[in-house]
Colleague: 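What follows is a structure written as structure tokens; I'll ask about it next.
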Amino acid sequence: MRIAATQRAALVDALREADPHAPTLCEGWTVHDLAAHVWLREHEPASLAGSLLPALAGRTTERMEQVKAERPFGDLVDAF
């Protein structure tokens with residue numbers, strides 16, 4: 001198994017064990033926020049432009065909230 005696949009599998013295991021509402025080390029983010037962020041990174045990389053361009057940060061936050069509303073936590077994790 002490649003390193004990336006091993007790390008991805010470890011992330012999926014950790015997410016499945018965690019409470020979606022639990023805080024993460026990213027201040028203000030929950031486990032569900034983290035799952036939505038990773039899902040966006042994998043499926044809609046252009047939507048994360050706010051990470052690089054502060055003027056677009058609000059759009060990134062809005063899109064993360066949409067993803068969380070549209071996809072249950074378990075579905076996000078399964079999509080990895």
Side-chain angles (χ1 to χ4, degrees):
M1 193 179 257
R2 294 181 9 210
I3 291 173
T6 301
Q7 291 176 338
R8 185 179 300 241
L11 175 60
V12 167
D13 290 344
L15 289 170
R16 285 193 174 129
E17 292 177 14
D19 176 349
H21 304 290
T24 66
L25 295 177
C26 298
E27 187 175 334
W29 279 34
T30 65
V31 173
H32 198 171
D33 294 327
L34 180 60
H37 171 80
V38 174
W39 187 91
L40 277 170
R41 187 187 70 199
E42 295 291 317
H43 294 90
E44 299 178 19
S47 70
L48 293 174
S51 300
L52 302 172
L53 302 170
L56 299 176
R59 289 186 189 165
T60 299
T61 301
E62 288 173 10
R63 185 61 188 128
M64 277 181 51
E65 291 302 320
Q66 286 175 339
V67 168
K68 285 173 41 184
E70 294 167 359
R71 297 177 150 279
F73 176 75
D75 289 352
L76 292 173
V77 176
D78 290 344
F80 301 154

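Along the sequence shown, residues are numbered consecutively beginning with 1. Model, not experiment: these values are computed from the prediction.
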Colleague: Would you say the side chain of Arg16 lies within less than 4.5 Å of the side chain of Asp78, judging by non-hydrogen atoms?
Modeller: yes

Colleague: Rounded to the nearest 0.5 Å, how far does CD of Gln66 lie from CZ of Arg63?
Modeller: 5.0 Å

Colleague: Which atom names give the shortest non-hydrogen contact between Ala18 and Phe73, and what distance separates them?
Modeller: O-CE2, 4.5 Å

Colleague: Between side-chain atoms of residues 22-31 and protein atoms elsewhere (two or more places apart, or another chain), which donor-acceptor pairs fall under 3.5 Å?
Modeller:
| residue | atom | partner | partner atom | Å |
| --- | --- | --- | --- | --- |
| Thr24 | OG1 | Cys26 | N | 3.1 |
| Thr24 | OG1 | Cys26 | O | 3.2 |
| Thr24 | OG1 | Trp29 | O | 3.2 |
| Thr30 | OG1 | His32 | N | 3.3 |
| Thr30 | OG1 | Asp33 | N | 3.1 |
| Thr30 | OG1 | Asp33 | OD2 | 3.2 |

Colleague: With sequence neighbours left out, write down each residue that passes side-chain contact (heavy atoms from CB on, under 4.5 Å) with Ala79, or none if nothing qualifies.
Modeller: Trp39, His43

Colleague: Rounded to the nearest 0.5 Å, how far apart are CD of Glu65 and CD of Glu70?
Modeller: 11.5 Å

